[in-house]
**Student:** 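One structure coming up, written as structure tokens, with questions to follow.
Side chains are part of it too, since the values below use all heavy atoms of this structure and drop only hydrogens, waters and symmetry mates. The shown structure was predicted, so the numbers you read here are calculated from the model rather than taken from an experiment.
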Amino acid sequence: MTERRPTTARSPENATESARYTVTVRGLVLMCSIGIRAGERQRKQRVRVSVDLTAADPFPGEDRRRIINYEKIVAGIHEVASAGHIDLCEGFAERVCSVCFADPRVAQVRVWVEKLDVFPDAEGVGAILERVRSACAPPG
């Protein structure tokens, strides 16, 4: 006979304390100097950026001071786009990862960067990078 252990019901307060949360920015479209071809260096093109930021700590409820601020992330993405030419979508995504990890509350980042006007028969082409804070921490 198998022994059954009683299960404990989670109260809504305990569920909130242990729940991880993710902040998203979806489909941010901006103009950027990106690409390795000569024509791409001479004109800006449309780029779509999406970001998922998983918090290091459990969901803090309504405490706005402890929530990842997506307005700062969007502002940082705009800064990356306006900082000068970037050769690769992967390089753009890596810079966005750095912007995201500037917030110590971020444990994991997934960044999707797409150039939208490269092929007329494709919605977009680009790269996705996923980073975990421990993998990005400097050795030492």
Side-chain angles (χ1 to χ4, degrees):
M1 183 173 222
T2 305
E3 181 180 318
R4 297 183 108 184
R5 295 185 178 165
T7 59
T8 56
R10 290 174 121 187
S11 69
E13 295 82 19
N14 289 342
T16 299
E17 289 174 10
S18 64
R20 299 207 39 158
Y21 74 100
T22 300
V23 171
T24 64
V25 175
R26 288 278 175 251
L28 177 65
V29 177
L30 42 96
M31 298 301 289
C32 180
S33 178
I34 188 168
I36 59 171
R37 304 201 187 292
E40 292 176 312
R41 292 178 178 277
Q42 296 169 359
R43 62 171 175 77
K44 291 185 177 185
Q45 58 185 304
R46 292 184 317 136
V47 174
R48 178 171 46 218
V49 181
S50 296
V51 181
D52 292 333
L53 305 105
T54 303
D57 295 324
F59 177 61
E62 294 295 317
D63 186 352
R64 292 183 305 198
R65 295 167 297 167
R66 294 178 51 211
I67 294 286
I68 297 167
N69 185 335
Y70 53 77
E71 289 177 351
K72 289 184 180 179
I73 301 302
V74 169
I77 294 169
H78 279 281
E79 286 180 26
V80 169
S82 65
H85 185 81
I86 301 168
D87 282 342
L88 302 171
C89 289
E90 292 85 348
F92 191 112
E94 187 65 44
R95 293 176 194 187
V96 172
C97 284
S98 295
V99 164
C100 296
F101 282 127
D103 185 331
R105 295 169 287 209
V106 175
Q108 186 172 342
V109 177
R110 182 174 194 258
V111 179
W112 184 345
V113 175
E114 299 172 277
K115 297 191 297 184
L116 301 179
D117 301 317
V118 175
F119 298 108
D121 54 347
E123 189 176 314
V125 296
I128 299 172
L129 287 183
E130 295 186 49
R131 298 287 187 260
V132 176
R133 181 173 293 279
S134 61
C136 293

**Student:** First locate atom CG of D103, then atom CD1 of I73, and finally report the distance between them rounded to the nearest 0.5 Å.
**Tutor:** 6.0 Å
**Student:** Just so I know, are the side chains of V49 and W112 near enough to count as touching, which here means a heavy-atom distance under 4.5 Å?
**Tutor:** no
**Student:** Quick one: pull up NZ in K115 and CD1 in I34 and give me the separation to the nearest 0.5 Å.
**Tutor:** 6.0 Å
**Student:** List the residues meeting side chain to side chain donor-acceptor pair (under 3.5 Å) with R65, not counting sequence neighbours, and say none if there are none.
**Tutor:** D63
**Student:** Is there a side-chain contact (heavy atoms from CB on, under 4.5 Å) between E94 and V96? Walk through the geometry before answering.
**Tutor:** CA-CA 5 Å; E94 187 65 44; V96 172; over 6 Å; no
**Student:** Tell me the closest heavy-atom pair linking V99 and G76, and the distance in Å.
**Tutor:** CG1-CA, 3.7 Å
**Student:** Hydrophobic clustering (ILVMFWY, side-chain heavy atoms < 4.5 Å, transitive) - are F101 and L129 grouped together?
**Tutor:** no
**Student:** Distance-only criterion, 3.5 Å: show the donor-acceptor pairs between side-chain atoms of residues 23-30 and protein atoms not counting sequence neighbours.
**Tutor:**
residue, atom, partner, partner atom, Å
R26, NH1, D52, OD1, 3.2
R26, NH2, D52, OD1, 2.6
R26, NH2, D52, OD2, 3.1

**Student:** Atom CD1 of I67 and atom CZ of R105: how far apart are they, to the nearest 0.5 Å?
**Tutor:** 8.0 Å
**Student:** Rounded to the nearest 0.5 Å, what separation is found between the CG atom of D117 and the CD atom of Q45?
**Tutor:** 7.0 Å
**Student:** With sequence neighbours excluded, tell me which residues meet ring-ring contact (aromatic ring centres under 6.0 Å, His included) with Y70.
**Tutor:** none
**Student:** Is a donor on one side and an acceptor on the other found under 3.5 Å between the side chain of Q42 and the backbone of G39?
**Tutor:** no
**Student:** Is there a side-chain contact between V106 and R133 (heavy atoms, below 4.5 Å)?
**Tutor:** yes
**Student:** Nearest 0.5 Å please: distance from the CD atom of Q108 over to the CZ atom of R131.
**Tutor:** 11.5 Å
**Student:** Scan the side chains in residues 79-93 for donor-acceptor partners under 3.5 Å anywhere in the protein, sequence neighbours excluded, and list what turns up.
**Tutor:**
residue, atom, partner, partner atom, Å
S82, OG, H78, O, 3.1
S82, OG, E79, O, 3.3
H85, ND1, S33, O, 3.4
H85, ND1, S33, OG, 2.6
H85, NE2, G35, O, 2.7
H85, NE2, D87, OD1, 3.3
D87, OD1, R41, NH2, 2.6

**Student:** Going through the distances and angles, do V111 and I128 end up as a side-chain contact (heavy atoms from CB on, under 4.5 Å)?
**Tutor:** CA-CA 6 Å; V111 179; I128 299 172; over 6 Å; no
**Student:** For the CD atom of E40 and the SG atom of C32, what is their distance to the nearest 0.5 Å?
**Tutor:** 10.5 Å
**Student:** Specify the closest pair of heavy atoms between A107 and A56, including all atoms of both residues, with the distance to one decimal.
**Tutor:** CB-CA, 3.5 Å
**Student:** Could you give me the CA-CA distance, side-chain angles and deciding distance for V47 and E114, then say whether side-chain contact (heavy atoms from CB on, under 4.5 Å) is met?
**Tutor:** CA-CA 5 Å; V47 174; E114 299 172 277; 6.0 Å; no
**Student:** Run the side-chain contact (heavy atoms from CB on, under 4.5 Å) test on T54 and R20 for me, step by step, so that the C-alpha distance in whole Å, both residues' side-chain angles and the decisive distance to 0.1 Å come before the verdict.
**Tutor:** CA-CA 7 Å; T54 303; R20 299 207 39 158; 3.4 Å; yes
**Student:** Which atom names give the shortest non-hydrogen contact between A102 and P104, and what distance separates them?
**Tutor:** O-CD, 3.4 Å
**Student:** Among residues two or more places apart or on two chains, list those pairs meeting ring pair (Phe, Tyr, Trp, His ring centres under 6.0 Å) that have a residue in residues 20-41.
**Tutor:** Y21-F59
**Student:** Applying salt bridge (charged side-chain N to carboxylate O under 4.0 Å, His left out), name anything that partners R110, two or more places apart in sequence or on another chain.
**Tutor:** E130
